[in-house]
2 protein chains.
Amino acid sequence: MVTTVVVKVKQISTRFSIAVHTISLIAVTPDCTGDYIAGSVNTNPVVIRRIMGMLKKAGLVEVKPGVGGAALLKDPADITLLDVYHAVGVTENNQLFRIHEHSKIECSVGRNIEQVLQDELAEAQALMEQRLAQTTIAQLLEKFK
Amino acid sequence: MVTTVVVKVKQISTRFSIAVHTISLIAVTPDCTGDYIAGSVNTNPVVIRRIMGMLKKAGLVEVKPGVGGAALLKDPADITLLDVYHAVGVTENNQLFRIHEHSKIECSVGRNIEQVLQDELAEAQALMEQRLAQTTIAQLLEKFK
DNA sequence: CACCGTTGTAACCATTGTAGTTACTTCTCG
DNA sequence: CGAGAAGTAACTACAATGGTTACAACGGTG
(Lines give C-alpha, C1' and ligand atoms only; values in the text may rest on other atoms or scores of the structure.)
Protein backbone atom coordinates (compact mmCIF):
# COMPACT_ATOMS: atom_id res chain seq x y z
CA MET A 1 0.00 0.00 0.00
CA VAL A 2 1.28 3.47 -0.86
CA THR A 3 0.37 6.19 1.56
CA THR A 4 0.78 9.86 0.88
CA VAL A 5 -0.01 12.25 3.66
CA VAL A 6 0.63 15.96 3.30
CA VAL A 7 0.82 17.45 6.74
CA LYS A 8 -0.29 21.04 6.76
CA VAL A 9 0.64 23.07 9.77
CA LYS A 10 0.43 26.38 11.49
CA GLN A 11 2.80 29.02 12.66
CA ILE A 12 2.71 32.13 14.76
CA SER A 13 1.22 34.94 12.72
CA THR A 14 3.40 37.32 10.72
CA ARG A 15 1.75 40.06 12.78
CA PHE A 16 4.56 39.56 15.23
CA SER A 17 7.40 39.92 12.75
CA ILE A 18 5.67 42.79 11.00
CA ALA A 19 5.21 44.52 14.35
CA VAL A 20 8.91 44.18 15.11
CA HIS A 21 9.68 45.54 11.66
CA THR A 22 7.32 48.44 12.26
CA ILE A 23 8.77 49.41 15.61
CA SER A 24 12.31 49.16 14.29
CA LEU A 25 11.37 51.40 11.42
CA ILE A 26 9.84 54.01 13.70
CA ALA A 27 12.99 53.96 15.82
CA VAL A 28 15.16 54.54 12.76
CA THR A 29 12.81 56.94 11.00
CA PRO A 30 10.80 58.93 13.55
CA ASP A 31 7.45 60.34 12.46
CA CYS A 32 7.22 58.06 9.46
CA THR A 33 3.74 57.40 8.10
CA GLY A 34 1.86 54.14 7.92
CA ASP A 35 2.15 54.18 4.15
CA TYR A 36 5.91 54.47 4.45
CA ILE A 37 6.03 51.48 6.79
CA ALA A 38 3.75 49.53 4.49
CA GLY A 39 6.23 50.26 1.71
CA SER A 40 9.16 48.85 3.62
CA VAL A 41 7.22 45.83 4.85
CA ASN A 42 5.73 45.47 1.38
CA THR A 43 2.13 45.02 2.39
CA ASN A 44 -1.12 46.93 2.44
CA PRO A 45 -1.27 50.09 4.59
CA VAL A 46 -4.37 48.82 6.37
CA VAL A 47 -2.45 45.81 7.60
CA ILE A 48 0.05 48.19 9.17
CA ARG A 49 -2.67 50.35 10.67
CA ARG A 50 -4.24 47.32 12.31
CA ILE A 51 -0.93 46.34 13.85
CA MET A 52 -0.22 49.93 14.85
CA GLY A 53 -3.55 49.92 16.65
CA MET A 54 -2.38 46.96 18.74
CA LEU A 55 0.96 48.58 19.45
CA LYS A 56 -0.84 51.73 20.55
CA LYS A 57 -3.07 49.79 22.88
CA ALA A 58 0.01 48.21 24.40
CA GLY A 59 1.48 51.67 25.00
CA LEU A 60 4.45 51.09 22.74
CA VAL A 61 3.81 53.69 20.07
CA GLU A 62 1.95 56.90 19.59
CA VAL A 63 0.38 58.00 16.33
CA LYS A 64 -0.47 61.57 15.44
CA PRO A 65 -3.95 61.53 14.00
CA GLY A 66 -4.62 63.83 11.11
CA VAL A 67 -1.08 64.94 10.48
CA GLY A 68 0.30 61.42 10.57
CA GLY A 69 3.55 60.00 11.80
CA ALA A 70 4.38 57.54 14.55
CA ALA A 71 6.73 57.74 17.51
CA LEU A 72 7.91 55.31 20.14
CA LEU A 73 6.66 55.83 23.68
CA LYS A 74 9.54 53.86 25.13
CA ASP A 75 13.25 53.73 24.53
CA PRO A 76 14.18 51.00 22.01
CA ALA A 77 16.43 49.61 24.72
CA ASP A 78 13.34 49.17 26.90
CA ILE A 79 11.19 47.38 24.34
CA THR A 80 11.73 43.64 24.22
CA LEU A 81 10.57 41.18 21.63
CA LEU A 82 8.27 39.76 24.30
CA ASP A 83 6.60 43.14 24.67
CA VAL A 84 5.85 43.16 20.97
CA TYR A 85 4.82 39.50 21.03
CA HIS A 86 2.27 40.20 23.72
CA ALA A 87 1.13 43.42 22.07
CA VAL A 88 0.03 41.73 18.86
CA GLY A 89 -1.68 38.90 20.72
CA VAL A 90 -0.65 35.97 18.62
CA THR A 91 -1.64 33.43 21.25
CA GLU A 92 -5.00 32.94 22.89
CA ASN A 93 -4.96 33.73 26.60
CA ASN A 94 -1.20 33.73 26.29
CA GLN A 95 -1.31 29.98 25.84
CA LEU A 96 0.88 28.81 23.04
CA PHE A 97 -0.26 25.22 23.32
CA ARG A 98 -3.84 24.25 22.96
CA ILE A 99 -4.87 21.22 24.97
CA HIS A 100 -7.87 19.07 24.14
CA GLU A 101 -10.61 19.18 26.74
CA HIS A 102 -13.37 16.95 28.08
CA SER A 103 -11.23 13.83 28.45
CA LYS A 104 -13.05 11.02 30.21
CA ILE A 105 -12.38 11.16 33.90
CA GLU A 106 -13.09 7.45 34.32
CA CYS A 107 -9.66 6.84 32.82
CA SER A 108 -6.55 7.56 34.88
CA VAL A 109 -4.88 9.09 31.85
CA GLY A 110 -7.89 11.13 30.83
CA ARG A 111 -8.38 12.29 34.40
CA ASN A 112 -4.89 13.75 34.74
CA ILE A 113 -3.57 14.53 31.30
CA GLU A 114 -4.96 18.05 31.06
CA GLN A 115 -3.37 19.40 34.21
CA VAL A 116 -0.09 17.52 33.86
CA LEU A 117 0.40 18.59 30.27
CA GLN A 118 -0.68 22.09 31.11
CA ASP A 119 2.14 22.41 33.62
CA GLU A 120 4.77 20.89 31.34
CA LEU A 121 3.87 22.98 28.33
CA ALA A 122 3.63 26.16 30.34
CA GLU A 123 7.25 25.69 31.32
CA ALA A 124 8.33 25.16 27.74
CA GLN A 125 6.43 28.24 26.69
CA ALA A 126 7.95 30.25 29.52
CA LEU A 127 11.46 29.43 28.37
CA MET A 128 10.68 30.63 24.87
CA GLU A 129 9.18 33.84 26.18
CA GLN A 130 12.09 34.44 28.51
CA ARG A 131 14.36 34.33 25.47
CA LEU A 132 12.16 36.84 23.68
CA ALA A 133 12.37 39.08 26.74
CA GLN A 134 16.15 39.09 26.52
CA THR A 135 16.29 40.81 23.16
CA THR A 136 15.45 44.48 22.81
CA ILE A 137 14.63 46.50 19.75
CA ALA A 138 17.83 48.46 20.37
CA GLN A 139 19.84 45.27 20.10
CA LEU A 140 18.18 44.44 16.82
CA LEU A 141 18.92 47.88 15.44
CA GLU A 142 22.61 47.38 16.07
CA LYS A 143 22.52 44.53 13.62
CA PHE A 144 21.02 46.64 10.85
CA LYS A 145 24.13 48.02 9.20
CA MET B 1 -14.35 57.41 20.37
CA VAL B 2 -14.95 53.91 21.71
CA THR B 3 -12.89 51.21 20.13
CA THR B 4 -13.55 47.55 20.58
CA VAL B 5 -11.14 45.13 19.05
CA VAL B 6 -11.49 41.42 19.64
CA VAL B 7 -8.17 39.82 18.96
CA LYS B 8 -8.59 36.25 17.82
CA VAL B 9 -5.51 34.15 17.92
CA LYS B 10 -3.95 30.86 17.15
CA GLN B 11 -2.40 28.08 19.11
CA ILE B 12 -0.54 24.90 18.50
CA SER B 13 -2.99 22.24 17.41
CA THR B 14 -4.57 19.85 19.89
CA ARG B 15 -3.07 17.10 17.72
CA PHE B 16 -0.05 17.39 19.96
CA SER B 17 -1.86 17.00 23.27
CA ILE B 18 -4.10 14.29 21.86
CA ALA B 19 -1.02 12.43 20.63
CA VAL B 20 0.54 12.58 24.08
CA HIS B 21 -2.73 11.34 25.54
CA THR B 22 -2.80 8.52 23.00
CA ILE B 23 0.73 7.34 23.66
CA SER B 24 0.22 7.51 27.41
CA LEU B 25 -2.89 5.42 27.05
CA ILE B 26 -1.15 2.78 24.98
CA ALA B 27 1.59 2.61 27.58
CA VAL B 28 -0.94 2.07 30.35
CA THR B 29 -3.29 -0.16 28.36
CA PRO B 30 -1.34 -2.14 25.76
CA ASP B 31 -3.20 -3.36 22.68
CA CYS B 32 -6.05 -0.96 23.20
CA THR B 33 -8.08 -0.07 20.13
CA GLY B 34 -8.50 3.28 18.44
CA ASP B 35 -12.11 3.38 19.54
CA TYR B 36 -11.05 2.91 23.13
CA ILE B 37 -8.58 5.78 22.84
CA ALA B 38 -11.21 7.93 21.18
CA GLY B 39 -13.43 7.24 24.16
CA SER B 40 -10.86 8.42 26.66
CA VAL B 41 -9.93 11.47 24.60
CA ASN B 42 -13.60 12.05 23.91
CA THR B 43 -13.35 12.63 20.20
CA ASN B 44 -14.11 10.86 16.93
CA PRO B 45 -12.20 7.62 16.24
CA VAL B 46 -11.07 8.94 12.87
CA VAL B 47 -9.28 11.80 14.59
CA ILE B 48 -7.36 9.22 16.62
CA ARG B 49 -6.61 7.12 13.55
CA ARG B 50 -5.17 10.14 11.78
CA ILE B 51 -2.90 10.91 14.71
CA MET B 52 -1.97 7.24 15.05
CA GLY B 53 -0.92 7.33 11.42
CA MET B 54 1.51 10.13 12.18
CA LEU B 55 2.84 8.33 15.25
CA LYS B 56 3.34 5.20 13.17
CA LYS B 57 5.25 7.14 10.53
CA ALA B 58 7.47 8.52 13.26
CA GLY B 59 8.20 4.99 14.44
CA LEU B 60 6.67 5.53 17.85
CA VAL B 61 3.80 3.08 17.71
CA GLU B 62 2.73 -0.03 15.89
CA VAL B 63 -0.84 -0.92 15.04
CA LYS B 64 -2.11 -4.35 14.21
CA PRO B 65 -4.36 -4.03 11.19
CA GLY B 66 -7.42 -6.18 11.11
CA VAL B 67 -7.28 -7.47 14.62
CA GLY B 68 -6.70 -4.06 16.09
CA GLY B 69 -4.67 -2.81 19.03
CA ALA B 70 -1.68 -0.54 19.33
CA ALA B 71 1.71 -0.96 20.97
CA LEU B 72 4.65 1.30 21.64
CA LEU B 73 7.80 0.66 19.64
CA LYS B 74 9.96 2.45 22.19
CA ASP B 75 10.18 2.46 25.93
CA PRO B 76 8.07 5.25 27.49
CA ALA B 77 11.27 6.44 29.13
CA ASP B 78 12.75 6.92 25.65
CA ILE B 79 9.87 8.91 24.18
CA THR B 80 10.06 12.61 24.86
CA LEU B 81 7.40 15.23 24.38
CA LEU B 82 9.58 16.64 21.60
CA ASP B 83 9.43 13.32 19.77
CA VAL B 84 5.64 13.50 19.84
CA TYR B 85 5.67 17.18 18.96
CA HIS B 86 7.70 16.48 15.86
CA ALA B 87 5.70 13.38 15.00
CA VAL B 88 2.42 15.26 14.67
CA GLY B 89 4.00 18.07 12.69
CA VAL B 90 2.27 21.03 14.24
CA THR B 91 4.72 23.54 12.80
CA GLU B 92 5.60 24.14 9.17
CA ASN B 93 9.19 23.19 8.37
CA ASN B 94 9.71 23.03 12.12
CA GLN B 95 9.46 26.82 12.22
CA LEU B 96 7.25 27.99 15.03
CA PHE B 97 7.45 31.62 13.99
CA ARG B 98 6.36 32.79 10.61
CA ILE B 99 8.25 35.79 9.29
CA HIS B 100 6.88 38.12 6.64
CA GLU B 101 8.81 38.08 3.38
CA HIS B 102 9.61 40.41 0.50
CA SER B 103 10.57 43.40 2.63
CA LYS B 104 12.02 46.24 0.61
CA ILE B 105 15.78 45.93 0.43
CA GLU B 106 16.21 49.66 -0.18
CA CYS B 107 15.51 50.12 3.52
CA SER B 108 18.14 49.19 6.10
CA VAL B 109 15.48 47.66 8.30
CA GLY B 110 13.74 45.83 5.49
CA ARG B 111 17.06 44.57 4.19
CA ASN B 112 18.09 42.93 7.46
CA ILE B 113 14.99 42.18 9.46
CA GLU B 114 14.30 38.76 8.01
CA GLN B 115 17.65 37.23 8.82
CA VAL B 116 18.10 38.95 12.16
CA LEU B 117 14.66 37.98 13.38
CA GLN B 118 15.09 34.49 12.00
CA ASP B 119 18.13 33.96 14.18
CA GLU B 120 16.55 35.40 17.32
CA LEU B 121 13.33 33.48 17.01
CA ALA B 122 15.10 30.25 16.21
CA GLU B 123 16.87 30.52 19.55
CA ALA B 124 13.63 31.11 21.40
CA GLN B 125 12.04 28.16 19.66
CA ALA B 126 15.05 25.98 20.45
CA LEU B 127 14.72 26.69 24.16
CA MET B 128 11.11 25.66 24.11
CA GLU B 129 11.89 22.46 22.26
CA GLN B 130 14.75 21.63 24.58
CA ARG B 131 12.31 21.77 27.44
CA LEU B 132 9.96 19.41 25.62
CA ALA B 133 12.88 17.06 25.08
CA GLN B 134 13.49 16.88 28.81
CA THR B 135 10.16 15.29 29.63
CA THR B 136 9.45 11.68 28.77
CA ILE B 137 6.18 9.81 28.58
CA ALA B 138 7.39 7.70 31.49
CA GLN B 139 7.72 10.82 33.63
CA LEU B 140 4.19 11.84 32.74
CA LEU B 141 2.85 8.42 33.66
CA GLU B 142 4.27 8.74 37.14
CA LYS B 143 2.01 11.71 37.68
CA PHE B 144 -1.13 9.80 36.76
CA LYS B 145 -2.14 8.36 40.08
C1' DC C 1 -15.32 -19.58 3.74
C1' DA C 2 -18.22 -15.97 5.81
C1' DC C 3 -18.72 -12.84 9.41
C1' DC C 4 -17.37 -9.11 12.25
C1' DG C 5 -14.68 -5.76 14.45
C1' DT C 6 -10.76 -2.92 13.50
C1' DT C 7 -7.77 -0.02 10.82
C1' DG C 8 -6.76 3.00 6.68
C1' DT C 9 -8.35 6.73 3.98
C1' DA C 10 -10.84 9.65 1.12
C1' DA C 11 -14.17 13.11 1.01
C1' DC C 12 -16.83 16.57 2.84
C1' DC C 13 -18.13 20.29 5.97
C1' DA C 14 -18.37 24.10 9.48
C1' DT C 15 -15.59 27.03 11.95
C1' DT C 16 -11.88 30.03 12.57
C1' DG C 17 -7.61 32.85 11.76
C1' DT C 18 -4.89 35.29 8.37
C1' DA C 19 -3.94 38.81 5.28
C1' DG C 20 -5.17 41.64 1.70
C1' DT C 21 -8.42 45.01 -0.27
C1' DT C 22 -11.95 48.72 -0.87
C1' DA C 23 -14.36 52.32 0.93
C1' DC C 24 -15.57 55.73 3.90
C1' DT C 25 -15.15 58.64 8.01
C1' DT C 26 -12.42 61.54 11.03
C1' DC C 27 -8.67 64.33 12.09
C1' DT C 28 -5.01 67.98 11.70
C1' DC C 29 -2.50 71.34 9.47
C1' DG C 30 -1.52 74.70 5.88
C1' DC D 1 -11.69 74.58 2.71
C1' DG D 2 -8.57 71.01 0.79
C1' DA D 3 -4.95 67.56 1.15
C1' DG D 4 -3.05 63.90 3.32
C1' DA D 5 -3.09 60.64 6.96
C1' DA D 6 -5.14 57.56 10.46
C1' DG D 7 -9.28 54.70 12.11
C1' DT D 8 -12.22 51.25 10.97
C1' DA D 9 -15.88 48.48 8.99
C1' DA D 10 -16.80 45.20 5.57
C1' DC D 11 -15.63 42.02 2.33
C1' DT D 12 -12.81 38.47 0.13
C1' DA D 13 -9.70 34.35 -0.64
C1' DC D 14 -7.22 31.01 1.44
C1' DA D 15 -5.71 27.63 4.71
C1' DA D 16 -5.73 24.80 9.09
C1' DT D 17 -8.52 22.46 12.28
C1' DG D 18 -11.48 19.01 13.86
C1' DG D 19 -15.49 16.47 13.30
C1' DT D 20 -18.22 13.35 10.38
C1' DT D 21 -19.73 9.76 6.98
C1' DA D 22 -18.58 6.23 4.00
C1' DC D 23 -16.15 2.54 2.40
C1' DA D 24 -12.27 -0.57 1.43
C1' DA D 25 -8.79 -3.68 3.39
C1' DC D 26 -7.31 -6.66 6.92
C1' DG D 27 -7.29 -10.72 9.98
C1' DG D 28 -8.89 -13.64 13.55
C1' DT D 29 -12.96 -16.64 14.83
C1' DG D 30 -16.94 -19.54 14.27
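Here is the naming used below: chain letters follow the sequence lines, and residue numbers restart at 1 for every chain. From a predicted model like this one, the values you see are computed outputs, not experimental measurements.
What separates CD of Gln11(A) from P of dA15(D) is a distance of 14 Å, to the nearest Å. To the nearest angstrom, P of dG18(D) lies 13 Å from CD1 of Ile99(A). In this structure, CD1 of Ile51(A) is placed 14 Å from P of dT21(C), rounded to the nearest angstrom. Rounded to an integer number of Å, the gap from CG of Asp31(A) to C1' of dC29(C) is 14 Å. Taking atom CG on Asp35(B) and atom C1' on dT20(D), their separation rounds to 14 Å, with Å as the unit. Taking atom CD1 of Ile12(A) as the reference point, atom P of dA15(D) lies 21 Å away to the nearest angstrom. Between Lys64(B) atom NZ and dG8(C) atom P there is a gap of 13 Å when expressed in whole angstrom units. The interatomic distance linking Ile26(B) (CD1) with dT6(C) (P) rounds to 15 Å, in whole Å.
Residues of residues 40-50 of chain B that place a heavy atom closer than 4.0 Å to DNA chain C, in numerical order, are Val46(B), Arg49(B), Arg50(B).
The two atoms that bring Ser103(B) and Asn42(A) nearest to each other are CA-CB, 4.5 Å, heavy atoms only. Minimum heavy-atom separation, Ile99(B) to Thr14(A): C-CG2, 4.0 Å. Of all heavy-atom pairs spanning Gln11(A) and Phe97(B), the tightest one is NE2-O, 3.7 Å.
No contact: Gly53(B) has no heavy atom under 4.0 Å from any strand. Among the protein residues, Gly68(A) comes within range of the sugar-phosphate backbone only, with heavy atoms under 4.0 Å from sugar or phosphate atoms but none that close to a base.
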Detail all sub-3.5 Å separations between protein N/O atoms and N/O atoms belonging to nucleotides 28-30 of chain D.
none

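The cluster map of Ile, Leu, Val, Met, Phe, Trp and Tyr, joined by side-chain heavy atoms under 4.5 Å apart, puts Leu55(B) and Leu82(B) in the same cluster. Cluster membership check: Met52(A) does not share its hydrophobic cluster with Val46(A), using side-chain heavy-atom separations under 4.5 Å among Ile, Leu, Val, Met, Phe, Trp and Tyr.
Picking from dA16(D), dG7(D), dT7(C) the nucleotide with the shortest atom distance to the side chain of Glu92(B) gives dA16(D).
Contact annotation: Ser13(A) reaches the phosphate of dA19(C) (side-chain N/O to OP1 or OP2, under 4.0 Å).
Residues Gln95(B) and Ile12(A) are not in side-chain contact: their nearest non-hydrogen atoms beyond the backbone lie 4.5 Å or more apart. Residues Leu96(B) and Met128(A) form a side-chain contact, since some pair of their non-hydrogen atoms from C-beta on lies under 4.5 Å apart.
Map Ala70(B) and Pro65(A) each onto its nearest nucleotide of DNA chain C; the residue landing nearer the 5' end is Ala70(B). Nearer to the 5' terminus of DNA chain D, by closest-nucleotide assignment, is the contact made by Gly66(A) (compared with the other of Lys56(A) and Gly66(A)). Checking Thr14(A) against Val63(B), the closest nucleotide of DNA chain C that is more toward the 5' end is the one next to Val63(B).
The aromatic rings of Phe16(A) and Tyr85(A) lie perpendicular to each other, with more than 60° between the two planes, well past the 30° mark.
Sorted by first and then second residue, the side chain to side chain donor-acceptor pair (under 3.5 Å) pairs with a member in residues 64-84 of chain B read Asp31(B)-Lys64(B), Thr80(B)-Asp83(B); sequence neighbours excluded.
Listed for the Gln134(A) side chain is no donor-acceptor partner under 3.5 Å among the backbone atoms of Leu81(A).
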